[in-house]
**Q** 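One structure is given below, represented as structure tokens, and several questions about it will come after.
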Amino acid sequence: MQRWSKLFIPTLREAPADAEVASHKFLVRAGYIRQLAAGIYSYLFLAQRTILKITDIVREEMNTIGQELFLPALNPRDVWEASGRWDVMGDNMFRLKDRKGADLCLGMTHEEIMTDIARKELRSYKQLPQIWYQIQTKFRDEPRPKSGLLRVRQFTMKDSYSFDIDRAGLDKSFDLHDAVYRRIFNRCGLEFVAVEADSGSMGGSQSQEFMVYTDAGEDLVASCAKCGYAGNLEKATSKLEAVEDLPANPSGKREKVYTPGTKTIDDVAAFLKTPVNNNMKSLAFMMTDGTSPAGATIHRPLLVLMRGNDQMNEAKLSGAVGGREFRPMQEEEIVKYFNSPAGYLGPVGLKQVRVVENKDTANYVGDADQFVVVMDEALRGRKNLVSGANELDYHFTGLNIGTDFEVTACADLRNVVEGEGCPRCGEALKLGKAVEIGHIFKLGTKYAESMGAKVLDSDGKEVTVIMGSYGIGVERILTACIEQRHDENGFWLAPSIAPFTAVVTPVNVKDTALLEASEKIGQQLEAAGYDVLLDDRNERPGVKFKDADLVGIPFRINVGKKLAEGKVEVVERATAQSTEVAVADLLTHLQGLYNPRA
RNA sequence: CGGGGCGUAGCGCAGCCUGGUAGCGCACCUGCCUUGGGCGCAGGGGGUCACAGGUUCAAAUCCUGUCGCCCCGACCA
């Protein structure tokens, strides 16, 4: 049992002016954290206690499927060069030199180090599968740290890596993590959703994020309350209502129409008196596409075709062009490639690349001025569309795919809009901001291949091991809990991760009967497995109640004037519900609310 | 990296425009008082005014530069 009067719990009446989100304000006010620099925080006593409780849960659950290691945060350059990520990580990686001038970095994640161990030590399929995990500090030089502990430059991550001999093994390792993650987040008292996610340039085949809905979040998630479908906006799709096509032009062919001063889709639709979704929006980008024989980066024009009132998702486009980088065209580039001012662009008459499929991504074959044209799925099968004619003040009507223009590829590119139908069951989708607290995905052979992690299979043949990568942001569990469980006075953590499960509050410590009874109660609860904080400070009751409400402890036991009748008061922080309980019944009563030994 | 804002006591802020003794609330220390929702009274401690340079008899205040922090955007394995 700890005595508040002896502890360092620096609570504040006011939040620092630079705190915006609830978790940040309360973590500072409740004396959990103090900032050292942008995105770098010291964890004080209460924070450290809850983080240890969280990692205890993580460790306990992870031990059911894997083995804990502890790997260096300080990494030599060559390991990261072996995977190719020394360059890829760019400014996001902290880099330093040792006294001999050798390059080192601080680990952002540990695929490289784990794979390095695997390639040096694993020899046979008989040693597989393996699941190795660690709980370690990670360093990322975020361009913009923000929102307290939500986006920081130094944080704790549980990261694990699976090594399997085949796809089926990887599927199993993935499913094991999925199940364990659900248990971990449930035990921490989080309401979360598992969502389909974009695997990005990691090249994974399946990727799932664990998200907590909160306005403090930076991701957008679409989910279906009926069937449970959920997807990151970068991945989510929806059932779209069919759009009625316009009738064909009387000529049966496309027609060029004079549309003076109509630079936006809405202008064109209004001018032609056609629904916006019968218009095709043309978005022009410049894309990098490999290097020329001379070593120069090739820049290639990229045209994206969307329905008139759809928004394009950049992550989806990135996937559609094999992860190549792109940016919007500048005005003079538009004129150069389209021979037309912006506002009247369209796909008709553009020179296009040929596509040669290889095993990973499409190869574009053609001169550097030849276009890649990617069309959104929502346009597939549509007829008699309207689009710019690549000429000032003119648009085409009656455009048909295959007749009037070709596309290089067709892909899902649009952002789902709230209220659209769930792709599985048709129910209206909900869209909300969310924080990512965990991510599991199938890496495949990306690192094992580039770094040469191979074993012999049962036929004596050398095969590359298949990997998965699985992360949990430890501090984000804490912040997400606070975002989910707070009011104007403070927050309440789940008893499993709260720094203390109960605070015993003698209303007046000068009254020795109250203090002694409180101590006795505290000892009794400790014996039953509760972490008890005794608020023995010589403060007025109001001060103690305010502090207790602030710091996240789920239960409070008030020891006051009713003690004369043998009664104390149990207050549940989450509901503010207060119950008078005879001291003799206190333990049973509390166990009914939460039993640490259960 | 682009845009905006802010740096004055532990926290929240005023003072700066119009240069002249550095202030307020909370917190902290001492004493008294009080004890069921941040109580009251009296006394007290604490600030190189982010840093550097300049202007001036005199700079928290005006000028220049630098650093730091926050917000929006870009970015984000």
**Q** Please walk me through it: do I466(A) and F163(A) pass side-chain contact (heavy atoms from CB on, under 4.5 Å)?
**A** CA-CA 6 Å; I466(A) 300 181; F163(A) 303 88; over 6 Å; no

**Q** Given rC71(B), rG36(B), rA74(B), which nucleotide is nearest the side-chain atoms of P143(A)?
**A**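 Ranking rC71(B), rG36(B), rA74(B) by closest atom to the P143(A) side chain puts rA74(B) first.
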
**Q** So which one's nearest nucleotide on RNA chain B is more toward 5', G39(A) or G542(A)?
**A**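 Residue closer to the 5' terminus by nearest nucleotide: G542(A).
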
**Q** Side chains of T288(A) and E325(A): do they bring a donor and an acceptor to under 3.5 Å?
**A**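 No.
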
**Q** Looking at rA58(B), which nucleotide sits across from it as a Watson-Crick or G-U wobble partner, both distances under 3.5 angstrom, or is there none?
**A**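 Its partner: none found.
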
**Q** Salt-bridge test for E218(A) and K433(A): reply yes if a basic N is under 4.0 Å from a carboxylate O, no otherwise.
**A**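 Salt bridge: no.
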
**Q** Polar pairs (N or O, both sides) under 3.5 Å between protein and nucleotides 45-50 of chain B?
**A**
none

**Q** For E209(A) and rC76(B), what is the distance between atoms CD and P respectively, to the nearest whole Å?
**A**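 These atoms are roughly 14 Å apart.
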
**Q** Could you tell me whether R95(A) sits above the aromatic face of W86(A), with NZ or CZ closer than 6.0 angstrom to the six-membered ring centre and within 45 degrees of the axis?
**A**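 Because its charged atom sits under 6.0 Å from the ring centre and within 45° of the axis, R95(A) does stack over W86(A).
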
**Q** Check ring-ring contact (aromatic ring centres under 6.0 Å, His included) between Y530(A) and all other residues, then give those that pass, not counting sequence neighbours.
**A**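 For Y530(A), no residue satisfies ring-ring contact (aromatic ring centres under 6.0 Å, His included) once neighbours in sequence are set aside.
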
**Q** Counting Watson-Crick and G-U wobble pairs only, both distances under 3.5 Å, name the nucleotide matched with rC6(B), or none.
**A**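 Pair assignment: rC6(B) / rG68(B).
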
**Q** Is it possible for you to check whether K138(A) lies under 6.0 Å from the centre of the six-membered ring of F155(A), through NZ or CZ, and within 45° of that ring's axis?
**A**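 Not flagged: K138(A) not positioned over aromatic ring of F155(A).
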
**Q** For rU21(B), which nucleotide is its Watson-Crick or G-U wobble mate, given both distances must be under 3.5 Å?
**A**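 WC or wobble partner does not exist here.
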
**Q** Is there a side-chain contact (heavy atoms from CB on, under 4.5 Å) between V304(A) and F285(A)? Walk through the geometry before answering.
**A** CA-CA 8 Å; V304(A) 172; F285(A) 297 91; 3.8 Å; yes

**Q** Could you check how far CZ of R537(A) sits from P of rG38(B), rounded to whole Å?
**A**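 Answer to the nearest Å: 14 Å.
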
**Q** Take atom C1' in rG20(B) and the same atom in rG2(B), then report the distance between them in whole Å.
**A**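 42 Å, rounded to whole Å.
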
**Q** Compare the minimum distances between each of rC71(B), rG36(B), rC69(B) and the side chain of E20(A), then state the nucleotide with the smallest one.
**A**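 Output: rC71(B).
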
**Q** For M93(A), which contact category applies under a 4.0 Å heavy-atom criterion: base, sugar-phosphate, or nothing?
**A**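 No contact at all - M93(A) keeps every heavy atom at 4.0 Å or more from the nucleic acid.
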
**Q** Regarding D159(A) and Q136(A), do their side chains bring together a donor and an acceptor under 3.5 Å, going by distance alone?
**A**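 Absent: no donor and acceptor within the cut-off.
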
**Q** Which residues pass the ring-ring contact (aromatic ring centres under 6.0 Å, His included) test with F545(A), sequence neighbours left out?
**A**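 Partners of F545(A) under the ring-ring contact (aromatic ring centres under 6.0 Å, His included) test: none.
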
**Q** How far apart are the C-alpha atoms of E569(A) and K562(A), what are their side-chain angles, what is the distance that settles it, and do they pass the salt bridge (charged side-chain N to carboxylate O under 4.0 Å, His left out) test?
**A** CA-CA 8 Å; E569(A) 194 177 21; K562(A) 283 285 168 67; over 6 Å; no

**Q** What's the gap between rA74(B) and rC67(B) when it is taken at their P atoms, as a whole Å value?
**A**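 One P to the other, the span is 25 Å.
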
**Q** Can you list, by residue number, the residues of residues 563-572 of chain A that have a non-hydrogen atom closer than 4.0 angstrom to RNA chain B?
**A**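 Listed by number, they are E569(A).
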
**Q** Taking the same atom, P, in rG44(B) and in rC6(B), what whole-Å distance lies between them?
**A**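 rG44(B) and rC6(B) have their P atoms separated by 36 Å.
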
**Q** In whole Å, what separates the P atom of rC62(B) from that of rG5(B)?
**A**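 After rounding to an integer number of Å, I get 15 Å for this pair.
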
**Q** Whole angstroms only, please: what is the CZ-C1' distance between R151(A) and rC72(B)?
**A**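 Rounding to the nearest Å, CZ of R151(A) and C1' of rC72(B) are 15 Å apart.
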
**Q** Would you classify S147(A) as touching base, sugar-phosphate or nothing, given that sugar-phosphate means primed atoms plus P, OP1 and OP2, and contacts are heavy atoms under 4.0 Å?
**A**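 It contacts sugar-phosphate atoms only.
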
**Q** Considering only atom C1', compute the distance from rG53(B) to rA59(B) and round it to an integer number of Å.
**A**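 One C1' to the other, the span is 13 Å.
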
**Q** Which whole-number value in Å describes the distance from D535(A) CG to rU35(B) C1'?
**A**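 That distance rounds to 13 Å.
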
**Q** Heavy atoms only, 4.0 Å cut-off, all strands: where does A19(A) land among base, sugar-phosphate and nothing?
**A**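 Nothing: the residue A19(A), judged by heavy atoms under 4.0 Å, touches no strand.
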
**Q** Once you measure the plane-to-plane angle for Y32(A) and F491(A), does it fall in the parallel (<30°), tilted (30-60°) or perpendicular (>60°) bin?
**A**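 Aromatic pair Y32(A)/F491(A) classed perpendicular.
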
**Q** Under 4.0 Å, counting only non-hydrogen atoms across every strand here, what does E314(A) touch: a base, just sugar-phosphate, or nothing?
**A**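 If one applies the 4.0 Å heavy-atom cut-off, E314(A) turns out to touch the sugar-phosphate alone, with no base involved.
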
**Q** For atom P, what is the distance between rG38(B) and rA50(B), given to the nearest Å?
**A**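 Comparing P positions in rG38(B) and rA50(B) gives a spacing of 36 Å.
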
**Q** Would you measure the distance from the C1' atom in rC49(B) across to the matching atom in rG68(B) and give it in whole Å?
**A**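 Between the two C1' atoms, the distance is 16 Å.
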
**Q** Starting at CD1 of I40(A) and ending at C1' of rC70(B), how long is that distance when rounded to a whole Å?
**A**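 Result: 15 Å.
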
**Q** Please determine, for the side chain of R144(A), which listed nucleotide (rC72(B), rC76(B), rU35(B)) has the closest atom?
**A**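 For R144(A), the side-chain atoms sit closest to rC72(B).
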
**Q** Less than 6.0 Å separating the ring centroids of F8(A) and F45(A)?
**A**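 Distance test on ring centres: not under 6.0 Å, no.
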
**Q** P328(A) near the nucleic acid: base, sugar-phosphate alone, or nothing, with a heavy-atom cut-off under 4.0 Å?
**A**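 Touches nothing.
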
**Q** If we ignore hydrogens and angles and just use 3.5 Å, is the side chain of K316(A) paired with the main-chain N or O of R414(A) as donor and acceptor?
**A**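 Side chain of K316(A) to backbone of R414(A), a donor-acceptor pair under 3.5 Å: yes, one is there.
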
**Q** Return no unless some side-chain N or O of Q35(A) is found under 4.0 Å from OP1 or OP2 of rG68(B).
**A**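 So the side chain of Q35(A) is outside the cut-off, no N or O lying under 4.0 Å from OP1 or OP2 of rG68(B).
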
**Q** Under a 3.5 Å cutoff, is there a donor and acceptor pairing between the side chains of K442(A) and Y470(A)?
**A**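 Side chains of K442(A) and Y470(A): no pair found under 3.5 Å.
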
**Q** I'd like to know if the side chain of D412(A) pairs up with that of T237(A) as donor and acceptor (distance under 3.5 Å, no hydrogens or angles considered).
**A**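 D412(A) vs T237(A): no donor-acceptor pair found between side chains.
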
**Q** Reckon E539(A) touches a base, only the sugar-phosphate, or nothing at all at heavy-atom distances under 4.0 Å?
**A**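 Result for E539(A) = base.
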
**Q** Between rA27(B) and R13(A), is there an OP1 or OP2 to side-chain N/O distance shorter than 4.0 Å?
**A**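 R13(A) to rA27(B) OP1/OP2: side-chain N or O found under 4.0 Å.
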
**Q** Send over the distance from E142(A) CD to rC72(B) C1', rounded to a whole Å.
**A**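 The distance from CD of E142(A) to C1' of rC72(B) comes to 17 Å, rounded to the nearest Å.
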
**Q** Would you mind reading off the distance between K546(A) atom NZ and rC26(B) atom P, rounded to a whole angstrom?
**A**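 K546(A) atom NZ is separated from rC26(B) atom P by 17 Å.
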
**Q** Could you give the distance separating rA27(B) and rC41(B) at their P atoms, to the nearest angstrom?
**A**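 Those two atoms are separated by 12 Å.
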
**Q** Using purine N1 to pyrimidine N3 plus N6-O4 or O6-N4 for Watson-Crick, or N1-O2 and O6-N3 for G-U wobble, both under 3.5 Å, which nucleotide pairs with rU34(B)?
**A**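 WC or wobble partner does not exist here.
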
**Q** Counting only Watson-Crick or G-U wobble pairs whose two distances fall under 3.5 Å, which nucleotide matches rG53(B)?
**A**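 Base-paired to rC63(B).
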
**Q** Determine the contact category for K510(A): base if any of its heavy atoms lies under 4.0 Å from a base atom, sugar-phosphate if only primed atoms, P, OP1 or OP2 are that close, otherwise nothing.
**A**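 If one applies the 4.0 Å heavy-atom cut-off, K510(A) turns out to touch a base.
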
**Q** If you compare every side-chain N and O of K146(A) against the phosphate oxygens of rC72(B) (OP1, OP2), does one of them come in below 4.0 Å?
**A**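 Checking rC72(B) against K146(A), a side-chain N or O does come within under 4.0 Å of OP1 or OP2.
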
**Q** Does the side chain of E111(A) pick up a donor-acceptor pair with the side chain of S469(A) at under 3.5 Å?
**A**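 Present: a donor and an acceptor within the cut-off.
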
**Q** Please list residues of residues 548-559 of chain A whose heavy atoms come under 4.0 Å from any atom in RNA chain B, ordered by number; otherwise none.
**A**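 Per residue number, the list reads D549(A), R556(A), N558(A).
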
**Q** Which whole-number value in Å describes the distance from F545(A) CZ to rG36(B) P?
**A**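 Going from CZ in F545(A) over to P in rG36(B) covers 8 Å.
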
**Q** When every nucleotide of nucleotides 3-13 of chain B is labelled 5' to 3' by its protein contacts under 4.0 Å (heavy atoms), B for base, S for sugar-phosphate only, - for none, what sequence of letters results?
**A** --------SSS

**Q** Mark yes when over 12 heavy atoms from residues, nucleotides or ligands other than Q311(A) sit less than 6.0 Å from its CD; otherwise mark no.
**A**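 No - once you tally the heavy atoms of other residues, nucleotides and ligands closer than 6.0 Å, there are 12 at most.
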
